[in-house]
Amino acid sequence: MIFLRWGQLTALALLLALPGPARAQGGHNTPPPPPPGAKSEKCAGRAISQMEDVTARAGITFRHAFDPDKKYIPDSMSGGVILIDYDRDGWPDIYFTNAPTVAQAMRGEKAYGALYHNNHDGTFTDVTARSGLTHSCMAMGGAVGDYNNDGWPDLYITCLGGNILYRNNGDGTFTDVTAQAGVANGGWSTGAAFGDYNNDGLVDLMVSNYVNFNLHNLPTFGSEAYCKYRGMNVQCGPRGLAGSQDALYRNNGDGTFTDVSSEAGVNGPSEYYGLGVVWVDFNNSGHQDIYVANDSTPNYLYRNLGNGKFEDIGLESGTALSDDGSEQASMGIAVGDYNHTGRPSLYVTDFENENDDLYRNDGGWNFTEVSYPSGLAVSSLPFVKWGTAFADFTNDGWLDLLTVDGHVYPQVDKLSSGARYEEPMLLQMNEGNGKFCDASQEAGPAIQVPRVSRGLAVGDLFNDGNMDAVVENVDGSPVILRNRGIAGRHWVSFELAGTKSNRLALGARVKIEAGGMTQTGWVLSGGSYLSQNDLRVHFGLGAATKIDTMTVYWPSGHIDVAHNLAADHFYSVLEGTGIVPFSRIRPAAAKPEAHSQQPVKPAGR
């Protein structure tokens with residue numbers, strides 16, 4: 001049964017009492033101070049992985065276009081980073097989104113994203129020009145999904161003014177198929193994620209939309225109450241600007257999609273401001289649910305009813321608001337079983353003076369916001385937080401949290417106290433007892449450098465068994481953080497390929513038993529802030545040298561089980577077959593004349 005907490009009941013009453021436009025006015029919320037005795041614990045005596053900045057050594061030269069004054073809100077919001085093994089060689093490649101500033105866009109100037117190929121030797125090569133990813137838009141972020149089930153991961157880019165779906169041709173190139181597919185959207189899209197909500201073996205597409213922003217009718221910098229911050233003139237929004245409804249596109253199985261947002265019940269109120277989005281089966285029912293992080297308005301948790309429809313249970317479940325019932329400026333989303341219950345919990349990043357929210361999944365569609373009891377809240381308060389991810393950076397079997405930060409207003413540097421424009425990252429280590437400690441000062445100088453960060457994606461970039469991170473900064477160059485690991489710690493990684501399920505196995509759940517510990521992970525599209533993590537499922541094993549049992553719960557309902565797997569290996573799992581050589585899940589190289597938009601129907605459907 002789902003219960004509303006007192007703070008949530010109060011907030012719900014206020015939301016129902018106030019008209020939409022009245023709720024949309026004013027700046028960011030100022031929540032009450034931390035509870036007495038709340039503090040951030042340092043990670044004294046723990047082994048901490050060192051995160052090294054290897055950006056220059058890796059050959060990454062991309063720089064995001066930026067306006068130093070940030071007079072318009074689009075100039076503050078871009079900066080997604082996407083990990084995509086586009087050539088299916090088993091090594092994650094990197095795509096950085098880019099957007100011209102509003103001033104550049106008004107002059108007709110363009111800014112292009114960049115695709116970097118992983119060279120398998122610690123370096124990357126810019127292959128953007130020959131890849132075909134050369135259509136410029138005011139790009140925000142994107143997601144990876146194989147919409148036509150040909151084994152080659154496709155790329156969806158969200159933009160202000162029209163999104164782009166790139167079909168992977170299987171020969172190192174992509175083709176813009178947006179018009180044929182019908183997924184342009186046309187507003188200001190931010191987050192995106194692929195997931196098979198109707199279990200037909202074809203991935204559908206959820207897109208979160210932000211505000212209604214017109215480049216030809218620009219709000220005047222500092223002109224209204226919602227264009228002020230601590231007495232200073234700043235960019236206008238999001239409060240005070242009209243919100244925008246989200247969109248769900250159903251995959252028709254013929255290379256096209258149909259907008260089913262309204263009939264499915266996921267378009268949401270028009271006055272909300274959508275940012276992060278992720279698909280995950282929150283109650284292990286076999287149906288993919290959707291979570292949307294909304295800026296300055298309540299978040300959505302869309303429960304999949306299994307009949308093509310969803311219901312928003314954000315308020316009832318405890319995932320729409322902070323623990324005291326406040327709306328927060330939510331941006332990024334991390335999903336993970338941080339406490340080994342077999343259920344996915346949520347971590348949501350928020351604005352300055354708003355603690356990030358850790359929503360512990362207690363089962364039965366009930367979540368408890370435990371950011372203060374877990375030790376995560378206090379360290380997050382001073383910063384504006386964006387991309388975030390659960391990952392086991394120390395390979396001890398417990399998921400840690402990395403969050404990247406950076407203010408939206410450069411003007412804050414003129415203030416005598418409080419937040420700064422450039423801010424350091426936060427790395428918080430899981431202590432295995434429901435609590436986290438702050439390792440930001442112990443994980444190496446790269447974590448401590450102040451930056452204006454937005455997107456974050458995690459994955460094993462160098463295939464050495466350690467989880468690395470890629471950060472896109474909206475002002476300037478990105479950062480590649482290589483995890484140097486901890487000696488003696490073991491790991492395992494799984495890459496899945498569906499047959500009855502969608503080819504990339506999005507939504508699949510992997511459970512392992514090793515060293516007396518049970519861990520669970522999911523193959524997820526979307527999440528973080530405008531970004532995409534590596535689709536492989538990584539587990540740290542601590543001292544364990546073998547996996548006793550590995551179980552995959554496929555979206556189709558099929559279950560595969562394997563026993564006695566050696567640690568420190570990458571495994572490929574084919575639905576219905578089990579562990580196979582990587583060559584069995586890698587698609588054959590496409591012939592130039594064979595580029596097809598027609599999806600491959602999953603077996604047995």
Side-chain angles (χ1 to χ4, degrees), residues 46-47 49 278 280-284 334-347 358-363 370 374 376 388-402 427-437 458-460 464-469 483 485-486 488-496 505-524 527 533-555 559-573 578-579:
R46 287 180 56 90
S49 297
V278 68
V280 66
D281 181 358
F282 283 105
N283 65 338
N284 296 333
V335 174
D337 181 19
Y338 78 96
N339 54 353
H340 293 183
T341 64
R343 298 183 293 266
S345 293
L346 288 162
Y347 187 72
L358 177 59
Y359 297 110
R360 186 186 66 209
N361 188 339
D362 296 326
V370 293
S374 69
L376 290 168
T388 185
F390 279 112
D392 187 353
F393 291 107
T394 58
N395 279 337
D396 64 353
W398 296 90
L399 293 175
D400 310 304
L401 267 169
L402 180 63
L427 178 59
Q428 305 189 82
M429 312 305 296
N430 193 328
E431 299 194 279
N433 58 1
K435 296 182 181 297
F436 292 76
C437 59
V458 296
D460 188 351
D464 60 1
N466 295 309
M467 291 296 280
D468 311 296
N483 181 355
I486 297 175
R489 300 279 176 87
H490 299 283
W491 56 274
V492 69
S493 180
F494 298 98
E495 183 165 1
L496 278 55
L506 300 180
R509 173 167 48 106
V510 183
K511 183 177 75 172
I512 67 164
E513 299 169 47
M517 185 182 296
T518 300
Q519 301 182 58
T520 307
W522 290 262
V523 184
L524 299 174
N533 297 322
D534 188 353
L535 291 177
R536 296 178 296 184
V537 182
H538 173 100
F539 297 99
L541 301 175
T545 57
K546 72 180 180 72
I547 297 87
D548 300 316
T549 305
M550 181 276 305
T551 307
V552 178
Y553 301 87
W554 299 88
I559 299 174
D560 280 311
V561 181
H563 301 282
N564 297 319
L565 301 176
D568 304 327
H569 282 77
F570 293 93
Y571 290 100
S572 303
V573 188
I579 303 293

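A quick note: this is a predicted structure, and the numbers were derived from the prediction, not measured.
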Decide side chain to side chain contact (heavy atoms under 4.5 Å, CB included) for L524 and V280; before the verdict, give the C-alpha distance in whole Å, the side-chain angles of both, and the deciding distance to 0.1 Å. CA-CA 7 Å; L524 299 174; V280 66; 3.9 Å; yes

Rounded to the nearest 0.5 Å, what's the gap from NZ on K435 to OH on Y338? Could you check? 10.0 Å

Assess the residue pair W491 and D568 against the criterion (side chain to side chain donor-acceptor pair (under 3.5 Å)); give the C-alpha distance rounded to whole Å, side-chain angles, the decisive distance to 0.1 Å, and a yes or no. CA-CA 5 Å; W491 56 274; D568 304 327; 3.3 Å; yes

Between CZ on residue R536 and OH on residue Y571, distance to nearest 0.5 Å: 14.5 Å

How are the rings of F436 and F390 set to each other: parallel, tilted or perpendicular (split at 30° and 60°)? tilted

Hey, are the side chains of V510 and T551 touching, using non-hydrogen atoms and a 4.5 Å cut-off? no

Closest heavy-atom pair and its distance - G507, P555: C-CG, 4.0 Å

I need the T520 OG1 to E513 CD distance, nearest 0.5 Å. 9.5 Å

Would V537 and V523 count as a side chain to side chain contact (heavy atoms under 4.5 Å, CB included) if you check the C-alpha gap in whole Å, the side-chain angles of each, and the deciding distance to 0.1 Å? CA-CA 6 Å; V537 182; V523 184; 3.7 Å; yes

For S345 and N339, the nearest pair of non-hydrogen atoms, with its separation, is OG-OD1, 4.4 Å

Give a yes or no on whether the backbone of G465 and the side-chain of N395 come within a donor-acceptor separation of less than 3.5 Å. yes

Which heavy-atom pair separates N361 from R343 by the least distance, and what is that distance? O-NE, 3.0 Å

Is W398 close to E431 at the side-chain level, that is, under 4.5 Å between some pair of heavy atoms? no

Looking only at non-hydrogen atoms, find the nearest pair between K546 and N564 and report the distance. NZ-OD1, 3.5 Å

Quick one: closest heavy-atom pair of V335 and L346, and the distance? CG2-CD2, 3.8 Å

Per side-chain contact (heavy atoms from CB on, under 4.5 Å), N430 is matched among T394, D400, D396, L401 by D400

How many angstroms lie between atom SG of C437 and atom CZ of R46, to the nearest 0.5 angstrom? 5.0 Å

Is the closest side-chain heavy-atom distance between K511 and T518 below 4.5 Å? yes

With the side chain counted from C-beta on, respond yes when E495 and F570 share a heavy-atom pair under 4.5 Å apart, and no when they do not. no

Do you see a donor-acceptor pair shorter than 3.5 Å between the side chains of S493 and H538? no

Test your reading of the model: is there a side-chain donor-acceptor pair from Q519 to the backbone of G540, 3.5 Å cut-off? yes

Can any side-chain N or O of D392 pair as donor or acceptor with the backbone N or O of G397 at less than 3.5 Å? yes

Flag the pair W554 / V573 as yes when at least one side-chain heavy-atom distance between them is below 4.5 Å, and no otherwise. yes

To the nearest 0.5 Å, how far apart are CG in N283 and CG in D281? 5.5 Å

Closer than 4.0 angstrom, basic N to acidic O: yes or no for R509 and D337? no

With a 4.5 Å heavy-atom cut-off, do V552 and L496 have their side chains touching? yes

Are M550 and H563 close enough that some pair of their side-chain heavy atoms sits under 4.5 Å apart? no

Report yes if some heavy atom in the side chain of F494 is under 4.5 Å from a heavy atom in the side chain of L565; otherwise report no. yes

Under 3.5 Å, is there a donor-acceptor pair between the side chain of D460 and the main chain of D464? yes

First locate atom CG of L402, then atom OH of Y347, and finally report the distance between them rounded to the nearest 0.5 Å. 10.0 Å

Are any side-chain N or O atoms of N284 and backbone N or O atoms of G342, one a donor and one an acceptor, separated by less than 3.5 Å? yes

Correct closest heavy-atom pair for F393 and S49 would be O-OG, 2.7 Å

